Amino acid sequence: MTLAVRVPEELSARVPAEQRGPGLDRDGVRLLVSRGTEVSHHVFGELPGLLRAGDLLVVNTSPTLAAAVDGSVGHTRVVAHFSTRGDDGRWAVEVREPDGRGTTRARACVDKGTVVRLPGGGRLVAEEPLSPRGDRLWWARVSGAEVTAVLREHGRPIRYAYTERDQPLSVYQTVFALPVPDGSGSAEMPSAARPFTARLVAELVSRGVQFAPVTLHTGVASAESHEPPYPERFSVPGESARLINATRAAGRRVVAVGTTAVRAVESAAGADGVVRARAGWTDLVVTPERGVRVVDGLLTGLHEPEASHLLMLEAVAGRAAIDRGYEAAVRGRYLWHEFGDVHLLLR
């Protein structure tokens, strides 16, 4: 799915909402609401009034990693983006080049056996491509250092060219993020949840909105070619599965906060629509053909017109709703990307 709209470059959110003016907090973003093809405009702080008592928000608790680490291949400077921790201790890694502006560009010359020297004496060796679809991400083994220690001591959040400057890791953590004992996490922030504050969560709870935590560790997206998602680690706890099933049985709405939450909960749903506790790896790609079995709505950021995530949005709300919503977002000068505005899609 590719949208016909063009997103002007100036609609990229370059800094977080709380840095755009005095007195602003994370929830100082706009909220576009699509109910079918009907569109309305709000601020994010109005979300409690747009939901109903008994509605359930499914949220991703994955913490964001300081996943970008400077290194070298021979005498060439590179940046390693640590994407996904494998069950065998290897990491899926994308090796990129500094672009001279504080961000990176794609690097095409990684082969089996390529060695990246890391700060602190670590050594990363590329072993095999993550997928036969391409060689952007490689399974790599690190020796001479613990990856979690390298990220903690030398890493920084992955930053893309449309942003204005580096930000501390705290800027990329959502209010729902929880530490993981093995050091796993998301290479890229589960950004749909970023506008939530503790104050807003408390107001939602006071109005009878419930929360179901799930976990999906997001890998490094393809900034240049918008590839479909790779397999990612996820977990849907038993209590969350029971809460989702009870909400649906009561005729209430299950609204996923972010495409990552959709992928997790739909991966745990059987053909009968019943969600069961499940953990492991998911290669599910939610498309209009596959449809959704569980979620009735989706709270998500605004995606680029050629992004693969739009297929999931179409599966939730239909093509006409996506077309109408994105046309309204461009006309209304909404802001795109992880620090941008938010879109609530209701079926």
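Please read all numbers here as calculations on a predicted model, not as lab measurements.
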Backbone N/O of V171 and side chain of R194: donor-acceptor pair under 3.5 Å: yes
Whether D296 and R248 form a salt bridge (side-chain N of Lys/Arg under 4.0 Å from carboxylate O of Asp/Glu) is what I want to check. no
For H42, check ring pair (Phe, Tyr, Trp, His ring centres under 6.0 Å) against everything at least two apart and list the hits. none
Share the residues that join V180 in a hydrophobic cluster, the rule being Ile, Leu, Val, Met, Phe, Trp or Tyr side chains under 4.5 Å apart at the heavy-atom level. none
Note: E203-R199 ion pair, threshold 4.0 Å (strictly below): no
Salt bridge check: are E38 and R35 linked by an N-O gap of less than 4.0 Å? no
Residue pairs passing the side chain to side chain donor-acceptor pair (under 3.5 Å) test with at least one member in residues 149-158, sequence neighbours excluded, are D70-R156
Should side-chain heavy atoms under 4.5 Å link Ile, Leu, Val, Met, Phe, Trp and Tyr, which residues sit in the same cluster as L24? none
What salt bridge (Lys or Arg N to Asp or Glu O under 4.0 Å) pairs are there with at least one residue in residues 44-66, not counting sequence neighbours? D55-R253
Would you mind listing every ring pair (Phe, Tyr, Trp, His ring centres under 6.0 Å) that reaches into residues 173-206, with sequence neighbours excluded? F44-F196, F176-F196, F176-F211
Side-chain heavy atoms of T61 within contact of V214, under 4.5 Å: no
Could you note down all residue pairs passing ring pair (Phe, Tyr, Trp, His ring centres under 6.0 Å) where residues 288-310 supplies at least one of them, sequence neighbours left out? H303-H309
Can I get a per-line list of side-chain donor-acceptor pairs under 3.5 Å for residues 138-147, giving both atom names and the distance, sequence neighbours left out?
{"unit_1": "W138", "atom_1": "NE1", "unit_2": "D135", "atom_2": "O", "d": "2.9"}
{"unit_1": "R141", "atom_1": "NE", "unit_2": "E127", "atom_2": "OE2", "d": "3.3"}

Working note: T218 + M189, criterion side chain to side chain contact (heavy atoms under 4.5 Å, CB included); need CA distance, chi angles, decisive distance, verdict. CA-CA 8 Å; T218 308; M189 171 178 55; over 6 Å; no
Give the other cluster members for V125, using side-chain heavy-atom distances under 4.5 Å between Ile, Leu, Val, Met, Phe, Trp and Tyr residues; answer none if it is isolated. V115
Tell me, please, which residues at least two apart from Y172 pass ring pair (Phe, Tyr, Trp, His ring centres under 6.0 Å). F339
Can you give each donor-acceptor pair under 3.5 Å made by side-chain atoms of residues 258-267, sequence neighbours left out, with the distance rounded to 0.1 Å?
{"unit_1": "T260", "atom_1": "OG1", "unit_2": "N60", "atom_2": "ND2", "d": "3.1"}
{"unit_1": "R263", "atom_1": "NE", "unit_2": "L284", "atom_2": "O", "d": "2.6"}
{"unit_1": "R263", "atom_1": "NH1", "unit_2": "Y230", "atom_2": "O", "d": "2.7"}
{"unit_1": "R263", "atom_1": "NH1", "unit_2": "E232", "atom_2": "OE1", "d": "2.6"}
{"unit_1": "R263", "atom_1": "NH2", "unit_2": "Y230", "atom_2": "O", "d": "3.2"}
{"unit_1": "R263", "atom_1": "NH2", "unit_2": "L284", "atom_2": "O", "d": "3.0"}
{"unit_1": "E266", "atom_1": "OE1", "unit_2": "R290", "atom_2": "NH1", "d": "2.6"}
{"unit_1": "E266", "atom_1": "OE1", "unit_2": "R293", "atom_2": "N", "d": "2.8"}
{"unit_1": "E266", "atom_1": "OE2", "unit_2": "R293", "atom_2": "N", "d": "3.1"}
{"unit_1": "E266", "atom_1": "OE2", "unit_2": "V294", "atom_2": "N", "d": "2.8"}
{"unit_1": "E266", "atom_1": "OE2", "unit_2": "V295", "atom_2": "N", "d": "3.3"}
{"unit_1": "S267", "atom_1": "OG", "unit_2": "R263", "atom_2": "O", "d": "2.5"}
{"unit_1": "S267", "atom_1": "OG", "unit_2": "T282", "atom_2": "OG1", "d": "2.6"}

For F234, what residues pass the ring pair (Phe, Tyr, Trp, His ring centres under 6.0 Å) criterion, not counting sequence neighbours? none
